[in-house]
Amino acid sequence: MEQNNWNSENNWNNQNNWNNGNNYNNNINGGNNPGPWVDPQSVQLKVTDVFGNLFAASLVVRMILVLAFGMVMFANDGEMLWDSVSYFQSPFGIAYIGLTLAIFVISIASIVFIVLDIIKINKAHYKITGLILFAIFLQPGYYLWRAYILKKKKAFPIIYTILIVIMWIAYVVYLIYKMMNVFITMMPMY
């Protein structure tokens with residue numbers, strides 16, 4: 001009669017028991033198994049920076065185009081703001097239309113890059129809730145949050161984020177200054 005004693009050393013080391021007594025050689029996650037009790041979904045894989053860097057570059061290009069757009073929009077003391085016929089009659093109007101189209105194309109490209117980057121990070125088993133929120137509400141901070149999530153060096157993302165925010169602030173101050181200048185020059189007319 002065979003005795004069923006689970007505390008027996010022979011029962012745990014028997015080759016006919018659970019997984020032949022060896023759970024360390026399972027091919028979970030491509031052979032990168034850290035141990036028998038680790039969920040394969042919790043193993044975080046390495047993420048390449050291709051789409052993140054493309055998004056960062058597209059954000060800088062878009063910001064430069066927006067700054068140029070603001071300068072063209074207020075050329076000739078804001079005349080283009082009020083006269084739609086002048087769009088096609090002046091070289092500034094052609095630049096205005098060209099910059100508008102370029103900003104739309106770069107905006108679509110940056111959305112594609114950010115979505116592909118989030119998909120890649122999600123496939124590597126990282127949490128993406130914060131990335132999605134930054135992508136929707138605060139795109140300049142996305143690159144810094146990405147470095148935080150992926151546990152990468154943060155010196156360049158911090159400098160990048162600060163420079164982008166400074167560019168946005170400069171653009172807003174420039175627009176406010178130019179709008180006030182246009183309104184002040186229009187005041188004597190009325």
Side-chain angles (χ1 to χ4, degrees), residues 12 17-73 95-176:
W12 284 105
N17 279 340
W18 179 69
N19 201 14
N20 292 330
N22 185 0
N23 192 32
Y24 290 99
N25 292 327
N26 284 347
N27 193 9
I28 298 173
N29 201 10
N32 296 329
N33 186 9
W37 309 110
V38 176
D39 181 22
Q41 296 296 325
S42 67
V43 176
Q44 295 175 337
L45 305 173
K46 188 171 181 147
V47 177
T48 59
D49 291 335
V50 175
F51 293 119
N53 291 339
L54 285 173
F55 167 72
S58 69
L59 192 63
V60 170
V61 170
R62 185 174 66 182
M63 189 65 228
I64 291 169
L65 289 174
V66 166
L67 287 170
F69 176 79
M71 290 178 186
V72 167
M73 187 169 63
Y96 180 85
I97 294 169
L99 285 171
T100 304
L101 291 175
I103 289 170
F104 285 141
V105 168
I106 293 293
S107 296
I108 291 170
S110 67
I111 290 170
V112 168
F113 293 145
I114 208 166
V115 167
L116 291 174
D117 189 46
I118 289 174
I119 289 171
K120 193 164 197 111
I121 291 171
N122 186 34
K123 285 184 179 179
H125 308 295
Y126 287 94
K127 294 182 180 180
I128 60 168
T129 307
L131 289 174
I132 292 171
L133 291 174
F134 271 99
I136 294 171
F137 297 114
L138 192 61
Q139 284 188 358
Y142 174 84
Y143 198 61
L144 180 61
W145 190 253
R146 182 184 188 279
Y148 173 75
I149 293 292
L150 298 178
K151 295 175 180 64
K152 297 197 177 207
K153 293 182 181 177
K154 295 167 191 68
F156 179 72
I158 288 172
I159 293 169
Y160 170 83
T161 304
I162 290 171
L163 289 176
I164 290 292
V165 169
I166 288 172
M167 288 173 71
W168 275 110
I169 291 171
Y171 176 68
V172 169
V173 168
Y174 176 77
L175 282 183
I176 290 172

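Owing to the predicted nature of the structure, the values given are computational and were not obtained by experimental measurement.
- Nearest heavy-atom pair across P140 and I164 is CB-CG2, 3.5 Å.
- Counting heavy atoms from C-beta outward, V50 and K120 have side chains that stay 4.5 Å or more apart.
- Residues M71 and Y174 have side chains in contact (heavy-atom distance under 4.5 Å, counting atoms from C-beta outward).
- The distance from atom CD1 of I121 to atom CG of L116, rounded to the nearest 0.5 Å, is 11.0 Å.
- In this structure, CD1 in I128 is found 10.5 Å from CG in L133, a value given to the nearest 0.5 Å.
- Atom OG of S58 is separated from atom CD1 of I111 by 9.5 Å, given to the nearest 0.5 angstrom.
- Within the 4.5 Å cutoff, the side chain of T100 has heavy atoms near those of the F104 side chain.
- Contact record, A124 with V47: CB-CG2, 3.4 Å, taken as the closest heavy-atom pair.
- Between K152 and D49, the shortest heavy-atom distance links the atoms NZ-OD1, 2.9 Å.
- When atom types are taken as modelled, the side chain of Y160 and the backbone of Y143 share no donor-acceptor pair closer than 3.5 angstrom.
- Residues Y126 and I149 form a side-chain contact, since some pair of their non-hydrogen atoms from C-beta on lies under 4.5 Å apart.
- The side-chain heavy atoms of I64 and M167, taken from C-beta on, include a pair separated by under 4.5 Å.
- No more than 12 heavy-atom neighbours from other residues, nucleotides or ligands sit within 6.0 angstrom of NZ on K127.
- Put simply, CZ on R62 and CG on L67 are 12.0 Å apart, with the number rounded to the nearest 0.5 Å.
- Taking each heavy atom of I118 and A135 in turn, the nearest pair found is CD1-CB, 4.1 Å.
- When every heavy atom of A102 is checked against every heavy atom of L65, the shortest pair comes out as CB-CD1, 3.8 Å.
- Aromatic ring orientation, W168 versus Y171: perpendicular (interplanar angle above 60°, classes split at 30° and 60°).
- When every heavy atom of D117 is checked against every heavy atom of R146, the shortest pair comes out as OD2-NE, 2.7 Å.
- One distance of note links CD1 of I158 with OG1 of T161; it measures 7.5 Å at 0.5 Å rounding.
- Using a 4.5 Å cut-off on side-chain heavy atoms (C-beta onward), Y142 and L59 make no contact.
- With rounding to the nearest 0.5 angstrom, the CG atom of L144 is 10.0 Å from the CG atom of L138.
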